[in-house]
Asker: 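One structure, as structure tokens, below. Some questions next.
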Amino acid sequence: MHEKVRVRFAPSPTGPLHIGGVRTALFNYLFAKKHKGDFLLRIEDTDQMRYVKGAEEYIMKSLEWCGIEIDEGINEGGDFGPYKQSERRDIYNEHIKKLLNNGSAYYAFDTPEELDALRKRLEESGSSVRQYNAQTRGEMKNSFTMPENDVFAEIESGKPYVIRFAVPENETITVKDIIRGEVTVNSSQLDDKVLFKSDGLPTYHFANIVDDHLMKISHVIRGEEWLPSLPLHVLLYRAFGREDEMPEFAHLPLLLKPSGKGKLSKRDGDQLGFPVFPLEWKDPKTGDISAGYKESGYLPEAFINMLALLGWSPEDDKEILSLEEMIKEFDLNRVHKSGARFSPEKALWFNQQYIIHTPNDELTDYILPEVEKKFPDVDVLYVEKVIGLVKERMHLLTDFCSQAAFFFETPKEYNPKVVKKRWKEDTPQMMQQIYDLLEDIPEQRFTTEHTEHIVKQFIEKNELNFGKVLNPFRLVLTGTGGGPHLFDIISSIGKEETLLRIKKGIEEIKR
RNA sequence: GGUCCGUUCGUCUAGAGGCUAGGACGCCGGGUUUUCAUCCCGGUAACAGGGGUUCAAUUCCCCUACGGACUGCCA
């Protein structure tokens, strides 16, 4: 048993992190913080072939944007480093010796072609076993079948070789998973996994056992795709004689493709109609750009909230939860077992909820750069006021410019559908009356309340219909049919602009 | 092919032997509103199938079907 909760998120820098990975990181983080433990980030870069430049940076930036704070990692430091596997070679070299010495690992010299041939042969024989294991390793080129001297000679000669794990034959392994309960497997189903590749670097299986142990990881929380190799990992701990110090395991349900089947993958990119990456990603090789939640106008809090509810739910029915609340409520026992497809519609709803509840000045900080690009010389306080008026209509931060354009510029055209519905025979003269009415209001009294009072009084006095007057009025002001409270609009754009728009509307709108 | 994991409304989920199977998104209808949005009210819709166990199964067990993961000198 471990006295302190320590969990790690261990991505490999082979590209951008997709939302499934972010969720794994999030669950690790929530679990760690719930138990006042540590959350570490370990970069698993033992596959130099698949290393992608910028991916490491991307992973860290993504977690930062999400508000997931790292306690120990490359940038944060810590007492258990290095936190990058490529910098831990000596440690792995040291550890593999132990397994070599106690007979749980062995050298193998088979070429890729020979391995293919083995698989093919086994497949054709109709055998259910198609693996390099206790039954088949006797036919292969390794330190079980070769005289000791030949083994050393091969190694000396510089010939490529790997080190494999000698999986014991016919042993029942029962492993415990926090989410799934007990899983039982017979060791004969496992194969003699490569522990060290011919490039001298360990594989995931080996490095992760060594590191988790050395870094005193108490709980391994990772995706379900790792469940099949859990027995192997247990065997590895056993081979080291550390089964009693083994972390506890929890395998998270997968995030599935919303369209079609299968687990969500990096390659799904944005052809799914919604981003699969937290941040925008530019492929360094192809230059292709994949959309990110951030750039698409999502608030990080909304993004995280939505992700947390994929596979987990709090005890009550609450759906809108801050990171703090999630930490408080989080419980691995409430993570369920089946995979989750997620709905882009609900993601939008989450974002809208967060936009509505985020203070206007904060929202302004997010959108100001875009707004300034489109409408130069805007006043920050004005933007702040406008966003307060339109935010409940926004699903994405990027909706602002389209939702609020008429607060910044005179409408250039009028929605024909709305014109047809709202602009009647007698409308122009009515608009003229409104014009005259408003013209008489002094600048400083051109407020929401006062203008509303004046106009409504006029409508009532003349026994007119509210909709008949206000709808076309809205049309000349905004060019369309929807939008915030009409008198908020005119008090915002001011008297001069209001009069100008009425005049322009009377002149330009024709049925 | 083999091994493992899974299966409640279209989607995300609650449920841990006895419930009219609950909530959320979406959708539909109504209310509020000058409009759109928000908000409020209502409606739609699910226990994969078959066997057991039990007085009683969505819930426990088995089988089948379906889905998924894994099956690399990738993680």
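Note that the structure is predicted; figures quoted are calculated from it, not measured. The sequence lines fix the lettering, A, B, ..., with proteins before strands; numbering per chain opens at 1. Basis for what follows: all heavy atoms, side chains included, without hydrogens, waters or symmetry-related copies.
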Asker: Can you list, by residue number, the residues of residues 394-409 of chain A that have a non-hydrogen atom closer than 4.0 angstrom to RNA chain B?
Answerer: none

Asker: Pair A/His95, A/His213 - check side chain to side chain contact (heavy atoms under 4.5 Å, CB included), show working.
Answerer: CA-CA 11 Å; A/His95 280 75; A/His213 178 257; 5.6 Å; no

Asker: Is it true that the side chains of A/Ser229 and A/Lys193 contain a donor and an acceptor less than 3.5 Å apart?
Answerer: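 Not at all, the side chains of A/Ser229 and A/Lys193 share no donor-acceptor pair under 3.5 Å.
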
Asker: With respect to the phosphate group of B/rC70, does any side-chain polar atom (N or O) of A/Lys263 fall under 4.0 Å of OP1 or OP2?
Answerer: yes

Asker: For A/Arg393 and B/rC39, give me the distance from atom CZ to atom C1', rounded to whole Å.
Answerer: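 Roughly 13 Å, once rounded to whole Å.
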
Asker: Figure out the CG/P separation between A/Leu122 and B/rU3, and round it to whole Å.
Answerer: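 Distance, rounded to whole Å: 15 Å.
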
Asker: May I ask you to check whether over 12 heavy atoms, not counting those of A/His485, lie within 6.0 Å of atom NE2?
Answerer: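 Counting other residues, nucleotides and ligands, NE2 of A/His485 exceeds 12 neighbours.
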
Asker: Starting at atom CD of A/Gln135, determine the distance to atom P of B/rU71, rounded to an integer number of angstrom.
Answerer: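 Taking CD of A/Gln135 and P of B/rU71, I get 20 Å after rounding.
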
Asker: Hey, are A/Ser157 and A/Glu154 close enough side-chain-wise for a donor-acceptor pair under 3.5 Å?
Answerer: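 Judged by distance alone, the side chains do not pair up.
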
Asker: Could you tell me which nucleotide pairs with B/rU11 by Watson-Crick or G-U wobble geometry, both distances under 3.5 Å, or answer none if nothing does?
Answerer: B/rA24

Asker: Tell me which pairs pass ring pair (Phe, Tyr, Trp, His ring centres under 6.0 Å) where either residue lies in residues 459-480 of chain A, with sequence neighbours left out.
Answerer: none

Asker: Give the residues of residues 481-489 of chain A touching RNA chain B, defined as any heavy atom closer than 4.0 Å, sorted by residue number.
Answerer: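 Nucleic-acid contacts, sorted: A/Gly481, A/Gly482, A/Gly483, A/Pro484, A/His485, A/Leu486.
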
Asker: Would you say the side-chain atoms of A/Asn142 pair up with the backbone N or O of A/Arg137, donor to acceptor, closer than 3.5 Å?
Answerer: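 Checked: pair present.
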
